[in-house]
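What's counted below: heavy atoms across the whole structure, side chains too, no hydrogens, waters or symmetry copies. Just so you know, these numbers come straight off a predicted model, no measurement behind them.
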Amino acid sequence: MNTGLTYEQEIFVQDSIPVRLEKLVTNLARISQLFSDSTHEDVVKSLIRETMYFLEWIAPDIDIDNAFELANLGRFLTRWLFNWEQAWNNTEAKNQIIQELGIWSDSVLQMSKLPAVQQS
């Protein structure tokens, strides 16, 4: 039976909403952590793309207000990708993005109603 879903999407959507949101938070944390090291540019871009898929795969299964918030997160990531060179090569811009990623992580974590993940 062809559901029109990719293998990765099929596996992802089998998880509960809180687990999917936790995976989203994990990706945001990884992006933030790797963003400060200029040797990980391709990995960061790949994680952003994966995160945008996560947003797309979560939104249909949550309430409209939270779906709207995830769409705003997607817009934030998209704006960043469109201005990649400016963001990647500017320490001030990187610091701002890392700060905003933290805010988004907190917001998604609240959305998932999961306890806070361990901070290192």
### Query
Hey, is the main chain of Gly74 close enough, under 3.5 Å, to the side chain of Thr78 for a donor-acceptor pair?
yes
### Task
Could you tell me whether the side chain of Asn83 and the main chain of Arg79 form a donor-acceptor pair under 3.5 Å?
yes
### Query
In Å and rounded to the nearest 0.5 Å, what is the CE to CG distance from Met111 to Asp63?
8.0 Å
### Query
For Ile11, does the CD1 atom have more than 12 heavy-atom neighbours from other residues, nucleotides or ligands under 6.0 Å away?
yes
### Query
Out of curiosity, Gln33 CD to Leu47 CG, how far, rounded to the nearest 0.5 Å?
10.5 Å
### Side chain Asp37, main chain His40, donor-acceptor under 3.5 Å
no
### Query
Think Lys94 forms a cation-pi with Phe35, using NZ or CZ under 6.0 Å from the six-ring centre and within 45 degrees of its axis?
yes
#### Entry: Thr26, Leu101, Ile97 screened by side chain to side chain contact (heavy atoms under 4.5 Å, CB included) with Ile31, the one that passes
Leu101
### Option from Leu21, Asp15, Ile17 for which side chain to side chain contact (heavy atoms under 4.5 Å, CB included) with Val19 holds
Asp15
#### Entry: Side-chain H-bond candidate by donor/acceptor type, Gln96 with Glu92, under 3.5 Å
no
### Query
Taking the six-membered ring for Trp, are Phe54 and Trp57 parallel (under 30°), tilted (30 to 60°) or perpendicular (over 60°)?
tilted
### Message
Determine whether Asn89 and Glu85 satisfy the following criterion, side chain to side chain donor-acceptor pair (under 3.5 Å), listing intermediate values before the conclusion.
### Response
CA-CA 6 Å; Asn89 296 311; Glu85 293 301 319; 3.2 Å; yes
### Message
To the closest 0.5 Å, what do you measure between CG (Leu28) and CD1 (Ile103)?
### Response
12.0 Å
### Task
Decide yes or no on side-chain contact (heavy atoms from CB on, under 4.5 Å) for Glu41 and Trp84, but give the supporting numbers first.
CA-CA 10 Å; Glu41 182 174 4; Trp84 183 260; 2.5 Å; yes
### Nearest-0.5 Å distance that lies between atom CH2 in Trp80 and atom NZ in Lys45
10.5 Å
